[in-house]
K.L.:
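One structure, pasted below without further comment.
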Amino acid sequence: MKDLKFSELIRLNNELGLNLKEKERVEIRILANITVNQLKPVLEYALRRDGVNAVVGIADYDNILQESTLLEKKQIPLVFWELCNITDSFAYKVETFPEEMFAEYLNKAKNELMMLFGNLQSSSLVIFNRFSHLFFSRNNLKPFNFERFVNEVNDFLVKNAPSNFLLVDLDKVLAGISFDIAFDPGGYYSTKTLYTVGFFKSYAPFINPVILSTYGRTKKAVILDCDNTLWKGVVGEDGWENIALSEKHKNGIYFKEVQLLMKALAQRGVIIGICSKNNPADVEEVFEKRSDMVLKSDDIVIKKINWNDKASNFQEIAKDLNIGIDSLVFIDDSGFEINLIRERLPQVKTIQVPEKLYDYPRVILENLPLFFTLKTTEEDLRRVKMYKEDIQRSSAIDTYQNIEDYLGSLGIQVVIANKEWDVIERVTQLTQKTNQFNLTTRRVQIGEMQQLYQDPDHDVLNLSVSDKFGSSGLTGVCIVRYAGGTAIIDTLLLSCRILGRNIETVFLREIIRTISERGVRRVMALYKKTLKNGQVEQFYDKHGFTLLTVSDTERSYEADSTVFLSGHEPLNYIEVIWKRD
Amino acid sequence: MADVFLLDINEIDANSSPDSIPQWDSIGHLNLVTAIEEEFGIKIDDEQIVQMLNFKLVAEIVKESMKG
């Protein structure tokens with residue numbers, strides 16, 4: 001984007017917008033006390049390039065507090081609040097202030113922030129720029145008043161910002177470019193345009209991962225090649241003892257640091273895999289015998305070490321892990337392999353090991369926002385272990401005659417709870433991240449979920465699964481709305497990790513039972529088609545619901561809870577436990 | 001200019017102005033100035049910005065700035 005001319009960007013942005021206009025709109029509303037209109041095409045372009053139908057609106061100039069009360073529910077506010085412009089020439093005036101006037105302005109800024117926090121409390125996500133003084137202070141050895149002022153407001157902001165606020169550090173954006181590129185002194189005086197298009201081009205990449213993560217588009221797995229990617233050298237030729245992967249060998253340090261970055265990702269719940277053209281025994285030997293290898297066998301969830309082409313391997317990896325191809329990141333030193341994946345599987349993000357090895361750890365570091373999540377939940381931390389258990393389970397299937405015997409042997413337990421406050425974050429996160437087994441793909445934000453939990457006309461069921469191999473954790477959510485003697489299944493989703501075990505059938509039965517216990521018989525349900533949820537198109541048909549209407553994008557159903565329960569016996573090999581308070 | 005206002009080049013002539021191009025509002029004007037400054041590596045000052053009332057005048061101001 002950096003090399004793209006502004007005029008070209010406007011044109012391309014418009015074209016991308018036309019291509020995406022069928023997709024769900026993601027609306028961002030910018031509240032600002034400076035002119036930031038040129039951020040609109042830049043941010044839209046950055047997001048549309050990643051397949052998000054972003055529409056950026058600019059609220060009335062210098063009217064942040066009032067505009068913050070006028071937001072629509074689905075709009076994500078993004079706030080540019082520049083302290084240099086809270087009154088005319090403030091950055092210069094404040095230097096002449098006596099202490100009590102300084103305190104007075106400081107109080108006013110804090111009060112206004114508190115009002116803003118209140119006004120935006122029902123927004124699920126607020127993107128807020130931390131205050132910066134750098135434009136006015138970068139040559140000062142000691143802090144002047146403006147710098148002190150900004151620092152005090154920032155401290156207050158960090159201490160008091162509610163949990164729905166994501167704070168963006170503008171100084172980090174500035175560090176990536178120069179002041180002369182970021183700052184438009186003429187524009188600031190003529191039209192209050194403090195920032196240049198160049199600044200916005202560097203700013204947008206900070207916002208992209210936040211929006212992508214809200215819409216379940218965060219990358220979930222990183223798949224690495226071995227030779228000259230995990231270590232320096234070719235293990236099949238040089239031997240396990242001679243490859244470089246730590247300070248012990250020349251150039252090993254770069255690979256060690258990349259491995260450390262991978263290890264940290266694994267600890268945050270990102271899946272680490274290997275895809276390498278090698279003899280499996282050679283690679284295993286490295287894991288077994290090289291004690292200076294940072295990544296251990298336990299950190300690697302999936303290994304494809306064979307001589308098949310990598311595109312086929314990647315398709316298998318996505319299938320084995322039950323995640324979309326577009327959640328994969330691929331790191332390899334070979335231009336051939338990188339190009340092959342780019343050609344055949346363009347949804348995969350590829351990173352080539354740079355020629356100058358000293359750039360390697362930094363290149364990986366700069367790509368870490370691909371894995372950004374707003375909140376790391378306990379589930380994320382345990383995910384690597386859970387995926388490994390899954391792969392053990394799949395290999396156990398082969399030894400049983402039929403699938404039901406096998407499922408019976410697992411000792412599956414399903415634990416269900418209604419409106420369990422302790423896990424509300426995870427429940428919310430699942431609505432945002434689950435794409436495949438998701439009947440309506442309704443994304444719920446935390447503020448809205450809190451309201452649903454409090455509303456007597458809603459049930460919000462969550463489901464966890466465990467078996468003799470371990471626990472899959474919280475992996476299912478259902479939201480039921482009651483209106484006029486009818487129950488409407490508003491959301492029904494399961495993480496793909498637990499599919500293939502008839503958990504969905506058990507869950508549906510428990511949902512209907514919950515509805516029935518309220519004395520409600522009429523159940524309405526909906527399937528909304530997306531690019532990814534084709535596998536559940538027939539879900540309600542398979543479970544005996546009556547199809548009411550069909551269109552290209554939707555199927556609606558009804559069922560009678562009493563009739564349903566008498567026609568669907570519980571499955572004897574899955575134990576259901578209800579957690580009630 | 002065609003890119004900024006999402007037009008075809010043939011749709012612009014010497015008399016094209018904010019009156020004939022609906023996208024040429026105050027924001028469009030700002031975008032046009034930014035795009036021109038970037039394209040020609042020039043800096044257009046405040047007075048010139050106000051004088052850019054149609055395509056012909058825009059072209060003259062660009063020429064002038066490139067000389068200076």
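Values reported hereafter were calculated over all heavy atoms of this structure, with side chains retained and with hydrogens, waters and symmetry mates removed. No experiment lies behind these values; they were computed from the predicted model shown. Chain naming here is simple, since letters A, B, ... match the order of the sequence lines and numbering starts at 1 in each.
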K.L.:
Evaluate whether atom CZ of A:F144 has more than 12 neighbouring non-hydrogen atoms of other residues, nucleotides or ligands under 6.0 angstrom away.
P.N.:
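Atom CZ in A:F144 is not crowded, with 12 or fewer foreign heavy atoms closer than 6.0 Å.
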K.L.:
Measure the shortest side-chain to side-chain distance between B:I27 and A:N37 over non-hydrogen atoms and say whether it is less than 4.5 angstrom.
P.N.:
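Side chain of B:I27 against side chain of A:N37, heavy atoms only: contact under 4.5 Å found.
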K.L.:
With a 4.5 Å heavy-atom cut-off (strictly below), which parts of residues 14-22 of chain B touch chain A? List them by number.
P.N.:
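Residues qualifying by a heavy atom under 4.5 Å from chain A are absent, so none.
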K.L.:
What part of B:N31 gets within 4.5 angstrom of chain A, counting heavy atoms only: side chain, backbone, both, or neither?
P.N.:
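Both backbone and side chain.
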K.L.:
Taking all heavy atoms of B:L30 and all of A:T193, pick out the closest pair and write down the distance.
P.N.:
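The answer is CD2-OG1, 4.0 Å.
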K.L.:
Counting only heavy atoms not in A:F372, do more than 12 sit closer than 6.0 Å to its CZ atom?
P.N.:
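Buried by this count: over 12 neighbours within 6.0 Å.
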K.L.:
Got more than 12 heavy atoms from elsewhere within 6.0 Å of CG, A:L18?
P.N.:
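Counting other residues, nucleotides and ligands, CG of A:L18 exceeds 12 neighbours.
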K.L.:
Non-hydrogen contacts under 4.5 angstrom with chain B: give the residues of residues 70-81 of chain A involved, or none if there are none.
P.N.:
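From residues 70-81 of chain A, none sit under 4.5 Å of chain B.
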K.L.:
Mind listing the closest non-hydrogen atom pair of A:S7 and B:D3 along with its distance?
P.N.:
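Heavy-atom minimum between the residues: O-CB, 3.2 Å.
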K.L.:
Can you confirm whether more than 12 heavy atoms, excluding those of B:L57, are under 6.0 Å from its CG atom?
P.N.:
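Yes, the 6.0 Å shell around CG holds more than 12 heavy atoms from other groups.
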K.L.:
Do other residues, nucleotides or ligands put more than 12 heavy atoms under 6.0 Å from the CD atom of A:E15?
P.N.:
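Count over threshold, so yes.
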K.L.:
In terms of heavy-atom contacts, does CZ of A:R342 have more than 12 from other residues, nucleotides or ligands at under 6.0 Å?
P.N.:
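Counting neighbours around CZ of A:R342, more than 12 heavy atoms of other residues, nucleotides or ligands fall under 6.0 Å, so yes.
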K.L.:
Side chain, backbone, both or neither: which part of B:L7 has an atom under 4.5 Å from a heavy atom of chain A?
P.N.:
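For B:L7, the contact with chain A is made by the backbone alone.
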K.L.:
Side chain, backbone, both or neither: which part of A:T196 has a heavy atom under 4.5 Å from chain B?
P.N.:
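Neither part.
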K.L.:
Side chain to side chain contact (heavy atoms under 4.5 Å, CB included), that's the test. Do B:T34 and A:V197 meet it? Break it down for me.
P.N.:
CA-CA 8 Å; B:T34 306; A:V197 171; 3.4 Å; yes
K.L.:
Identify the residue among B:E39, B:E38, B:E37 that makes a side chain to side chain contact (heavy atoms under 4.5 Å, CB included) with A:F6.
P.N.:
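That would be B:E38; it is the only one of B:E39, B:E38, B:E37 passing the side chain to side chain contact (heavy atoms under 4.5 Å, CB included) with A:F6.
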